[in-house]
> 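Pasting a structure below so you can have a look.
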Amino acid sequence: MKIGITCYPTFGGSGVVASELGLALAERGHDIHFITYKMPGRLRFNSQTIQFHEVKVPEYPLFEFPPYSLALASRISDVVKEHKLDIIHAHYAIPHAASALLARDMLGGKIKVMTTLHGTDVTLVGREASFMPITRYAIESSDSVTAVSNYLKKEICSVFDCKREIKVIYNFIKPSIHSTAESDQIRNEFAPNNEKLLVHISNYRPIKRINDVFEVFRELHKRLKVRIMLIGEGPELPVFMKSAAKAGIDGDVILLGNRSTVEEILAAADLMIMPSESESFGLAALEAMASGTPPITSNAGGLPEVILDGETGCTVPIGDVALMVSKAYNLLTNDTELATMSHRAREWAFNKFNIGKAIDQYEQYYYKTLNPR
Ligand code: GMT
């Protein structure tokens with residue numbers, strides 16, 4: 001198939017999923033075209049079967065808000081015509097699905113649009129009064145729609161009172177990139193005195209409850225030799241650092257910024273901390289499990305579908321910092337229990353969320369979208 005993929009090229013989970021999906025489809029021989037404003041962070045390729053088409057938004061004094069959505073729709077329509085694409089796979093409702101639908105209209109309906117909803121496009125952004133009608137339109141008018149968890153599917157149906165078919169296809173990991181080979185070296189660098197190592201990865205928005213991450217770290221720091229690696233960037237990161245400095249523990253915080261690969265760092269940690277307020281799936285928690293690092297998370301949204309509580313990680317009620325601390329402390333002070341959970345986490349991630357399964361499902365759904373009967 002000739003497949004166009006449009007997504008956020010930044011470090012968020014939706015861009016990671018779109019990139020890994022495109023790479024895997026190209027490996028299966030499909031012709032893949034990424035259409036977005038910059039090369040996605042995780043898109044490592046030198047394949048003949050992947051092309052990148054940049055969307056440029058012209059500057060014009062009249063444009064107080066440069067119309068990216070329209071530039072994207074025009075670019076999609078051009079790429080479809082030039083490369084005779086069969087289908088556009090839009091990741092995230094706004095603006096990608098909306099722009100793809102506009103392109104479909106411009107092309108007289110001669111292209112199919114599949115939309116994958118990732119979470120905040122329904123639970124946060126799409127709920128805003130000004131975006132609700134366009135999000136509803138994007139969901140109802142796409143030729144097919146997928147959601148990354150059963151939780152998200154339910155949310156879509158209830159928020160938008162939506163009756164259409166929505167197929168759940170879980171996010172996935174590629175076992176071959178989750179090697180633990182480099183982890184000892186990273187551990188020696190970041191935990192030179194045999195400290196326990198925590199990791200958190202996010203975009204540091206309020207929804208990630210960064211203060212809970214800090215509180216868990218501070219409480220554990222009182223009881224153990226522990227350090228924390230922070231991957232990613234965002235507005236609440238300076239707040240975390242300010243609190244850490246005030247508590248005198250900033251020397252044990254390792255800032256790693258945005259990374260195009262995170263697997264080795266995740267593998268070097270003992271536990272990952274993810275206390276999110278809302279999480280449709282929690283790709284970072286899955287990546288941690290695949291790296292053999294059990295996640296201690298809230299039980300928000302789709303997280304209980306991804307993590308087997310007490311077996312491959314722990315899920316606790318949102319905001320229950322004390323419970324997170326006690327679960328983490330028990331594991332960090334019991335090597336056998338931690339090793340067993342780490343082993344189970346890796347097996348669970350590799351079996352249940354294997355990329356091969358997900359790609360089979362996406363492929364079949366593309367074919368069904370192209371030939372509904
Ligand atoms: O979590 C974010 O704020 C980023 C967001 C995104 O659009 O990349 O992540 C969403 O999509 C990921 C990939 O499907 C999911 O793993 C995340 O759980 C989801 N985030 C939320 O629902 C808050």
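As the structure is a prediction and not an experimental result, all values here were calculated from the model. In each ligand, atom 1 is the first atom listed, and ligand 1 is the first ligand listed.
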> I'd like to check the side chain to side chain donor-acceptor pair (under 3.5 Å) partners of Asn194; sequence neighbours left out, ordered by chain and number.
none
> Can you name the side chain to side chain donor-acceptor pair (under 3.5 Å) partners of Arg259, sequence neighbours left out?
none
> Is any NZ, NE, NH1 or NH2 atom of the basic residue among Arg209 and Glu236 found under 4.0 Å from an Asp or Glu carboxylate oxygen of the other?
no
> Run the side-chain donor-acceptor check on residues 343-350: report pairs under 3.5 Å with partners two or more places apart or on a different chain.
unit_1: Arg346; atom_1: NH1; unit_2: His178; atom_2: O; d: 2.8
unit_1: Arg346; atom_1: NH1; unit_2: Ala290; atom_2: O; d: 2.7
unit_1: Arg346; atom_1: NH2; unit_2: His178; atom_2: O; d: 3.2
unit_1: Trp348; atom_1: NE1; unit_2: Val306; atom_2: O; d: 2.7

> Does the distance from a Lys or Arg side-chain N to an Asp or Glu carboxylate O, for Arg164 and Asp143, drop under 4.0 Å?
no
> Check each protein residue for a heavy atom under 4.0 Å from ligand 1 and list those that pass, ordered by chain and number.
Gly12, Gly13, Ser14, Tyr92, His118, Gly119, Thr120, Val148, Asn171, Asn203, Lys208, Ser278, Glu279, Ser280, Phe281, Gly282, Leu283
> Please give me the minimum heavy-atom distance between Ile273 and His200, naming the atom from each residue.
O-ND1, 2.8 Å
